[in-house]
Asks: 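Quick one: the structure is below, questions incoming.
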Amino acid sequence: MAFELPDLPYAYDALEPHIDAETMRIHHDLHHKAYVDNANAALAGTEWENRPVDQILADLDILPEDKRTAVRNNAGGHANHSLFWTIMSSDGGGEPSGHLATAIDDSFGSFADFKAAITDGGVKRFGSGWTWLVWDGTGLAAYSTPNQDSPLMQSHVPLLGIDVWEHAYYLKYQNKRPAYLEAWWNVVNWDEVSRRFGEARG
Ligand code: MN3
């Protein structure tokens, strides 16, 4: 079964004013769709074409060398964006509660320190990439990745990821990536991030 572009779980304008409708339309309908189409093209006719995306990304080395870069970039892009849409919400923002809040305090010192670590990862990522909160198998960790590299490549579970490619913010924020990142925290869907945390931690 080839990869499919998932529907956005809300309207294009649901995240206004923090993320504008035109950015969401282009980002989902054109950019994410291109990752899906290109990943499917790279995997078509191979023994990996029906494998779940997390398994493919965790084992890129077994792919033929001439397909590896295309799959890394495009299956990575598909996985990253599929997560990204679900961890945003029109009634997002605020702070997490419950086990996730406790784990963030234990790992980062405070919610403010956690938020600063994720934001800083995005601000400092040179060029295009993502800044992440992951479950690394034993605890929470924050780091950024270049391009469409996914935490799944090192078998970490992405819990929260912010896209810092210019296509994610340029129409509204132009070169002001820090302003986009600051605004992004107003749409974070802590219910979904907490659900993912519970599932990853087991
Ligand atoms: Mn993107």
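Note that the structure is predicted; figures quoted are calculated from it, not measured. Computed over heavy atoms, backbone and side chain alike; hydrogens, waters and symmetry mates excluded. Every number for a ligand or one of its atoms is a count from 1 in the order of the listing.
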Asks: The criterion is side-chain contact (heavy atoms from CB on, under 4.5 Å); which residues satisfy it with Pro64, sequence neighbours excluded?
Replies: Trp48, Asp66, Lys67
Asks: Kindly state each residue pair satisfying ring-ring contact (aromatic ring centres under 6.0 Å, His included) with at least one member in residues 64-83, sequence neighbours excluded.
Replies: Phe3-His78, His27-His81, His32-His78, His32-His81, Tyr35-His81, His81-Trp85, His81-Trp130, His81-His167
Asks: Any idea which heavy atoms bring Trp185 and Thr119 closest together, and the distance?
Replies: NE1-OG1, 2.9 Å
Asks: If you look only at distance, which donor and acceptor atoms sit under 3.5 Å apart when one is on a side chain in residues 150-159 and the other is two or more places apart or in another chain?
Replies:
{"residue": "Ser150", "atom": "OG", "partner": "Leu152", "partner atom": "N", "Å": "2.9"}
{"residue": "Gln154", "atom": "NE2", "partner": "Tyr143", "partner atom": "OH", "Å": "3.3"}
{"residue": "His156", "atom": "ND1", "partner": "Tyr143", "partner atom": "OH", "Å": "2.8"}

Asks: How close do Leu160 and Ile87 get, counting heavy atoms only, and between which atoms?
Replies: CA-CD1, 3.8 Å
Asks: Using 2.8 Å as the cut-off, note every protein N, O or S atom close to the Mn ion (ligand 1).
Replies: His27 NE2, His81 NE2, Asp163 OD2, His167 NE2
Asks: If you compare all heavy atoms of His28 against all heavy atoms of Pro6, which two are closest, and at what distance to 0.1 Å?
Replies: NE2-O, 2.6 Å
